[in-house]
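First up is the structure itself, then whatever we jot down about it.
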Amino acid sequence: MSDGSPLCSAMTEYFRSVSVRVTEPMFGRFYWTIVENLGVATKFNELAAAAEPYDTWEEARQAGVAELKRREPELWADPSSG
């Protein structure tokens with residue numbers, strides 16, 4: 001429920017569901033991908049992906065989370081501001 005403040009109003013008008021996914025397309029080769037859910041369980045927009053594989057799932061996850069944090073300012077910028 002919104003309290004009427006501009007910040008709460010803006011937050012309820014725009015919501016992004018962004019996550020890091022780790023896949024293993026070949027045994028022992030892990031890749032991270034940053035994806036945005038487009039509102040349907042099977043529709044995603046790929047925002048960024050690892051160019052090279054990682055040796056473990058955990059290494060790929062940590063690298064993906066680090067990239068998500070690096071991109072945080074652009075991901076959460078107000079889409080109506082430009």
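Just so you know, these numbers use all the heavy atoms, side chains as well, and skip hydrogens, waters and symmetry mates.
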(request) With sequence neighbours left out, write down each residue that passes side-chain contact (heavy atoms from CB on, under 4.5 Å) with P25, or none if nothing qualifies. (result)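 Once residues adjacent in sequence are excluded, the partners of P25 under the side-chain contact (heavy atoms from CB on, under 4.5 Å) criterion are T23, Y31.
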Identify each donor-acceptor pair in which a side-chain atom of residues 61-70 lies under 3.5 Å from a protein atom, sequence neighbours left out, and give them as a table.
from: R61; atom 1: NE; to: E58; atom 2: OE1; distance (Å): 3.0
from: R61; atom 1: NE; to: E58; atom 2: OE2; distance (Å): 3.3
from: R61; atom 1: NH2; to: E58; atom 2: OE2; distance (Å): 2.5
from: Q62; atom 1: NE2; to: E58; atom 2: OE2; distance (Å): 2.8
from: E67; atom 1: OE1; to: R70; atom 2: NE; distance (Å): 3.1
from: E67; atom 1: OE2; to: R70; atom 2: NE; distance (Å): 3.4
from: E67; atom 1: OE2; to: R70; atom 2: NH2; distance (Å): 2.8
from: E67; atom 1: OE2; to: R71; atom 2: NE; distance (Å): 2.6
from: E67; atom 1: OE2; to: R71; atom 2: NH2; distance (Å): 3.4

(message) As an exercise, state the distance from CZ of F44 to OG of S19, rounded to the nearest 0.5 Å.
(response)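 Here the rounded value is 6.5 Å.
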(request) Could you tell me the separation between the OH atom of Y54 and the CZ atom of F30, rounded to the nearest 0.5 Å? (result)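 Separation between the atoms: 13.0 Å.
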(message) Strictly by salt bridge (Lys or Arg N to Asp or Glu O under 4.0 Å), give each pair with a member in residues 41-57 just once, sequence neighbours left out.
(response)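 Those involving residues 41-57 are R29-D55.
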(request) Let me see the working for L47 and V18 under side-chain contact (heavy atoms from CB on, under 4.5 Å), right down to the final yes or no. (result) CA-CA 9 Å; L47 302 175; V18 177; 4.1 Å; yes
(request) Work out which heavy atom in V22 is nearest to a heavy atom in A60; give both atom names and the distance. (result)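 For V22 and A60, the tightest heavy-atom pair comes out as CG1-CB, 3.9 Å.
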